[in-house]
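Quick notes on the structure that follows.
Residues: numbered from 1 along the sequence shown. These values consider heavy atoms only, across backbone and side chains, with no hydrogens, waters or symmetry-generated copies.
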Amino acid sequence: YMDNNAPGSGGKGGLGSLFGGSEYSNTELAGVPLTGMSPLSPYLNVDPRYLLQGTDEFILPTGASKTRGRFELAFFTIGGSCITGAAFGTVNGLRMGLKETREMGWTKPRNVQILNMVTRQGASWANTLGSVALLYSIFGVAIEKARGAEDDINTMAAGTLTGMLFKSTGGLKGVARGGLVGLAMSGAYALYSNWDHIRGGSSSSSLY
């Protein structure tokens with residue numbers, strides 16, 4: 001029999017030290033909460049409503065906007081337009097190549113002709129859509145800086161000017177036609193981007 005509380009036992013020896021553990025006296029264990037019997041730590045006792053935010057929270061510089069401006073979106077718009085044009089041109093070139101060489105057999109000259117048509121159409125459409133996106137982005141950024149505001153008026157004005165400048169080589173009729181097409185496309189995009197807001201406003205007004 002060994003008394004762990006005896007002065008000679010050291011207070012921390014005994015069987016616990018044989019298994020790598022340590023024994024502590026009642027004085028050392030005073031104030032230590034027991035598992036399952038103590039309340040939560042004040043650092044863990046948090047209202048879960050503060051953890052579930054309905055909106056995204058970001059740390060932004062003073063005066064910065066929570067949405068990307070036209071200058072930031074210009075790179076995405078131009079790159080996406082080039083990729084879209086290249087993909088569409090590739091498919092169109094493959095269709096045209098197969099149609100124009102359908103009288104030929106599956107020989108090397110036919111494969112080369114189809115490949116040339118695919119690369120030519122892909123580069124042409126990528127250049128066209130990329131140029132339109134570049135003009136639209138330049139006009140959008142310039143109008144935003146001039147007006148000092150960002151709204152759908154900038155979108156429709158940039159679309160109209162882009163169509164007019166892109167078709168400027170076709171004379172006055174071409175300029176007018178390009179402006180109308182740009183206005184229609186930019187207006188459709190503005191309507192699509194605000195469709196949820198329009199539906200929400202109409203549904204709320206119908207309640208009254």
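Closest approach of Val118 and Leu94 over heavy atoms only: CG2-N, 3.5 Å. Of all heavy-atom pairs between Cys82 and Gly130, the closest is SG-CA, 3.7 Å. When all heavy atoms are compared, the tightest approach of Ser81 to Ala133 is OG-CB, 3.3 Å. Closest approach of Gly80 to Thr84, counting heavy atoms only: O-OG1, 2.7 Å.
Distance CE/Met156 to CG/Asp151: 11.0 Å, rounded to 0.5 Å. To the nearest 0.5 Å, the span separating OG on Ser137 from CG on Leu73 amounts to 8.5 Å. Taken to the nearest 0.5 Å, the OG atom of Ser131 stands 9.5 Å off from the CD1 atom of Ile78. For the atom pair OG1 (Thr119) and CG (Leu115), the distance works out to 5.5 Å, reported to the nearest 0.5 Å.
Considering only heavy atoms from C-beta on, Thr155 comes within 4.5 Å of Tyr136 through its side chain. With contacts defined as side-chain heavy-atom distances shorter than 4.5 Å, the pair Met164/Val181 does not qualify. Within the 4.5 Å cutoff, the side chain of Ile143 has heavy atoms near those of the Leu161 side chain. In this structure the side chain of Thr128 reaches within 4.5 angstrom of the side chain of Phe166, judged on heavy atoms.
For Val112, the side chain to side chain contact (heavy atoms under 4.5 Å, CB included) partners at least two apart in sequence or on another chain are Lys108, Asn116. For Glu150, the salt bridge (Lys or Arg N to Asp or Glu O under 4.0 Å) criterion is met by Arg70, not counting sequence neighbours.
Between Asn154 and Glu144, the side chains place no donor N or O within less than 3.5 Å of an acceptor N or O (distance only, hydrogens not considered).
In terms of modelled atom types and a separation under 3.5 Å, the side chain of Ser124 and the main chain of Gln121 share no donor-acceptor contact. With hydrogens and angles disregarded, no donor-acceptor distance shorter than 3.5 Å links the side chain of Asn127 to the backbone of Ala123.
Phe75 and Val141 fall within a single hydrophobic cluster, where Ile, Leu, Val, Met, Phe, Trp and Tyr side chains are chained together by heavy-atom contacts under 4.5 Å.
Through direct or indirect side-chain contacts shorter than 4.5 Å among Ile, Leu, Val, Met, Phe, Trp and Tyr, Met117 is connected to Met96.
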Mind running side-chain contact (heavy atoms from CB on, under 4.5 Å) on Phe88 and Leu129 for me, showing each step along the way?
CA-CA 10 Å; Phe88 179 80; Leu129 293 186; 5.8 Å; no
I would like to know whether Lys173 and Lys167 meet side-chain contact (heavy atoms from CB on, under 4.5 Å); could you show each step before the answer?
CA-CA 9 Å; Lys173 291 184 178 180; Lys167 289 294 184 179; over 6 Å; no
Taking it one step at a time, do Arg110 and Leu98 satisfy side-chain contact (heavy atoms from CB on, under 4.5 Å)?
CA-CA 9 Å; Arg110 184 186 184 186; Leu98 292 175; 4.1 Å; yes
